[in-house]
Amino acid sequence: MCELARANKIIPVLCSLLPAKDYPWSPGKEPNVKIPELNKMIKDYCDKNHITYVDYFSAMTDGNNGIRKEIAADGVVHPNLEGNKIMEKVLNPVLKKVVR
């Protein structure tokens with residue numbers, strides 16, 4: 001998708017997945033392990049290909065690879081208004097650098 005975007009003069013920006021300790025509706029998937037691994041793959045891809053990476057994970061984690069409960073609407077994975085404000089705060093400076 002990034003290659004296609006660049007071919008069409010679109011500047012790609014990739015973002016990390018949000019932290020999740022577990023999925024109560026589908027337990028045992030180990031998102032607390034898999035999401036950080038996938039985020040590392042995305043970051044490595046961005047570094048290798050000179051693509052901007054936005055790290056929401058670090059700003060929203062509880063320190064145990066889960067989302068902080070006070071910023072999750074369901075207390076598990078989906079950000080509430082405060083969570084979205086954090087994401088906005090992380091994203092806006094990046095967009096100001098990328099979009100001209």
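Residue numbers start at 1 and run along the sequence shown.
Hydrophobic clustering (side-chain heavy atoms under 4.5 Å, transitive across Ile, Leu, Val, Met, Phe, Trp, Tyr) keeps Tyr23 apart from Met60. Both Trp25 and Ile35 sit in one connected hydrophobic cluster of ILVMFWY residues. Membership requires side-chain heavy atoms under 4.5 Å apart, directly or through other members. Residues Ile42 and Met87 fall into different hydrophobic clusters, defined by Ile, Leu, Val, Met, Phe, Trp and Tyr side chains chained together at heavy-atom separations under 4.5 Å. In the hydrophobic clustering of this structure, Leu17 does not group with Val90; members are Ile, Leu, Val, Met, Phe, Trp, Tyr whose side-chain heavy atoms approach within less than 4.5 Å, directly or through other members. Ile67 and Val54 fall within a single hydrophobic cluster, where Ile, Leu, Val, Met, Phe, Trp and Tyr side chains are chained together by heavy-atom contacts under 4.5 Å.
Screening Ile71, Leu81, Leu91 against Ile86 for a side-chain contact (heavy atoms from CB on, under 4.5 Å) leaves a single residue, Ile71.
Although no hydrogens or angles enter the test, the distance criterion places a donor-acceptor pair under 3.5 Å between the side chain of Arg68 and the main chain of Ala59. With hydrogens and angles disregarded, no donor-acceptor distance shorter than 3.5 Å links the side chain of Asp22 to the backbone of Pro24. For Asn8 (side chain) and Leu4 (main-chain N/O), a donor-acceptor pair under 3.5 Å exists by modelled atom type. With hydrogens and angles disregarded, a donor-acceptor distance shorter than 3.5 Å links the side chain of Asn80 to the backbone of Glu82. Checking side-chain atoms of Thr52 against main-chain N and O of Val13 turns up no donor-acceptor pair under 3.5 Å.
For the salt bridge (charged side-chain N to carboxylate O under 4.0 Å, His left out) test, no residue two or more places apart in sequence or in another chain qualifies with Glu30.
Annotation: side chain of Asn64 is in contact with side chain of Lys21 (closest heavy-atom distance under 4.5 Å). Counting heavy atoms from C-beta on, the side chains of Arg6 and Ile51 come closer than 4.5 Å. At least one side-chain heavy atom of Tyr53 sits under 4.5 Å from a side-chain heavy atom of Asn39. By the 4.5 Å heavy-atom criterion applied to side chains, Pro79 and Tyr56 are not counted as neighbours.
Using a cutoff of 4.0 Å between basic side-chain nitrogens and carboxylate oxygens, Glu37 and Lys40 are not scored as salt-bridged. Note on Asp47 versus Lys43: salt bridge recorded, some NZ/NE/NH1/NH2 to OD/OE distance being below 4.0 Å.
Leu18 CG to His78 NE2: the interatomic distance, rounded to the nearest 0.5 Å, is 9.0 Å. Taken from CG in Leu14 to SG in Cys2, the straight-line distance is 4.0 Å, to the nearest 0.5 Å. Here the CG atom belonging to Asn32 is positioned 9.5 Å from the CG atom belonging to Asp62, to the nearest 0.5 angstrom.
For Phe57 against Pro36, the heavy-atom pair with the smallest separation is CZ-CG, 4.0 Å.
Counting non-hydrogen atoms of neighbouring residues, nucleotides and ligands closer than 6.0 angstrom, the CD atom of Glu70 exceeds 12 such neighbours.
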